[in-house]
Amino acid sequence: MAQQLLGKQLVRQLPGGLRISGEIAETEAYLGLEDPACHSFSGKITPRTSTLYLPAGHSYVYFVYGMHHCFNVVCGDQSQPEAVLIRALRITEGWEQILASRGHEPLSPRQRETVASGPAKLCRALSIDLSLNRLDLTTSEQIFIEEPRGAEALPKPGLGPLGFMALPRVGIDYAGDAALWPLRFVLA
DNA sequence: ATGACGATTTACT
DNA sequence: GTAAATCGTCATA
């Protein structure tokens with residue numbers, strides 16, 4: 001699932017139909033009960049992790065470090081509390097909305113490239129917070145996933161036949177060896 | 001009610 | 001490379 005989400009469009013629709021969207025460029029898989037890095041590891045159920053037991057295709061948004069949000073797509077069913085963390089987006093639509101949410105402070109070209117490079121940064125860019133937790137991504141008007149259009153739909157050169165790289169996961173040192181599992185997937 | 005921590009980001013040395 | 005920011009979440013009491 002984490003691999004297949006690469007290249008798809010994550011779409012945020014704000015009140016009034018205003019859209020912010022971007023190409024999913026980096027994902028990370030969390031393998032549920034048997035993954036020490038997964039919030040649902042060993043079957044732990046709390047108010048927060050209960051979201052992971054929703055049917056596949058729901059959103060899992062959580063709050064970390066006192067200031068950041070992270071967005072996941074729930075995978076698996078009740079017995080498979082798994083998720084894919086979306087780690088980076090290349091913004092393709094909605095710059096006016098992004099700029100507006102930042103008080104119309106100008107962004108350099110470099111800042112535009114990296115405005116959604118990171119799980120928390122992408123949530124800030126798309127105005128994703130806990131109010132978007134537990135939503136059905138197949139029916140929600142607020143947040144959903146689309147097939148890529150235009151240039152985004154073309155195959156990516158230079159990364160071999162699969163079109164992505166697999167790398168160790170980030171920010172989960174407490175999980176020991178599991179951090180080294182190649183479950184982080186990066187597009188060109 | 002309390003305390004420790006976090007699937008991060010940023011700024012600064 | 002180190003550190004601070006900052007609060008929801010959860011285990012403990």
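Atoms considered below: every heavy atom in the structure, side chains included; atoms not considered: hydrogens, waters and symmetry mates. Chain A is the first sequence line, chain B the second, and so forth, proteins listed ahead of strands; every chain is numbered from 1. Since we're looking at a predicted model, the values are computed, not measured.
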K.L.:
Please list, chain by chain and in numerical order, all residues satisfying salt bridge (charged side-chain N to carboxylate O under 4.0 Å, His left out) with A:Arg12, sequence neighbours excluded.
P.N.:
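Partners of A:Arg12 under the salt bridge (charged side-chain N to carboxylate O under 4.0 Å, His left out) test: none.
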K.L.:
Just checking, is any N or O donor in the side chain of A:Lys44 or A:Ser40 under 3.5 Å from an acceptor N or O on the other one?
P.N.:
no
K.L.:
Which salt bridge (charged side-chain N to carboxylate O under 4.0 Å, His left out) pairs, counting each pair once, include a residue from residues 52-63 of chain A, with sequence neighbours left out?
P.N.:
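Listed by first then second residue: nothing to list.
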K.L.:
What residue pairs, at least two apart or across chains, pass salt bridge (charged side-chain N to carboxylate O under 4.0 Å, His left out) with a residue in residues 74-87 of chain A?
P.N.:
A:Glu26-A:Arg87, A:Glu28-A:Arg87
K.L.:
Roughly, in whole Å, what's the span from CG in A:Asp173 to P in C:dT2?
P.N.:
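About 13 Å, once rounded to whole Å.
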K.L.:
Would you please say whether a donor-acceptor pair under 3.5 Å links the side chains of A:Thr92 and A:Gln9?
P.N.:
yes
K.L.:
Between CD of A:Gln78 and OH of A:Tyr53, what distance do you get to the nearest 0.5 Å?
P.N.:
9.0 Å
K.L.:
In whole angstrom, what separates A:His68's NE2 from C:dT9's P?
P.N.:
16 Å
K.L.:
Partners of A:Tyr60 by ring-ring contact (aromatic ring centres under 6.0 Å, His included), sequence neighbours excluded?
P.N.:
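With sequence neighbours excluded, A:Tyr60 shows a ring-ring contact (aromatic ring centres under 6.0 Å, His included) to A:His39, A:Tyr62, given in chain and number order.
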K.L.:
Base, backbone or nothing for each nucleotide of nucleotides 1-7 of chain B, written B, S, -, heavy atoms under 4.0 angstrom, 5' to 3'?
P.N.:
-----BB
K.L.:
Within the structure provided, determine whether A:Glu23 and A:Pro148 are in side-chain contact (heavy-atom separation under 4.5 Å).
P.N.:
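The answer is no, as the side chains (C-beta and beyond) never meet within the 4.5 Å cut-off.
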K.L.:
Reading DNA chain B 5' to 3', what string of ( ), [ ], | and . shows its pairs, if Watson-Crick and G-U wobble pairs count only when both distances fall under 3.5 Å?
P.N.:
||||||.|||||.
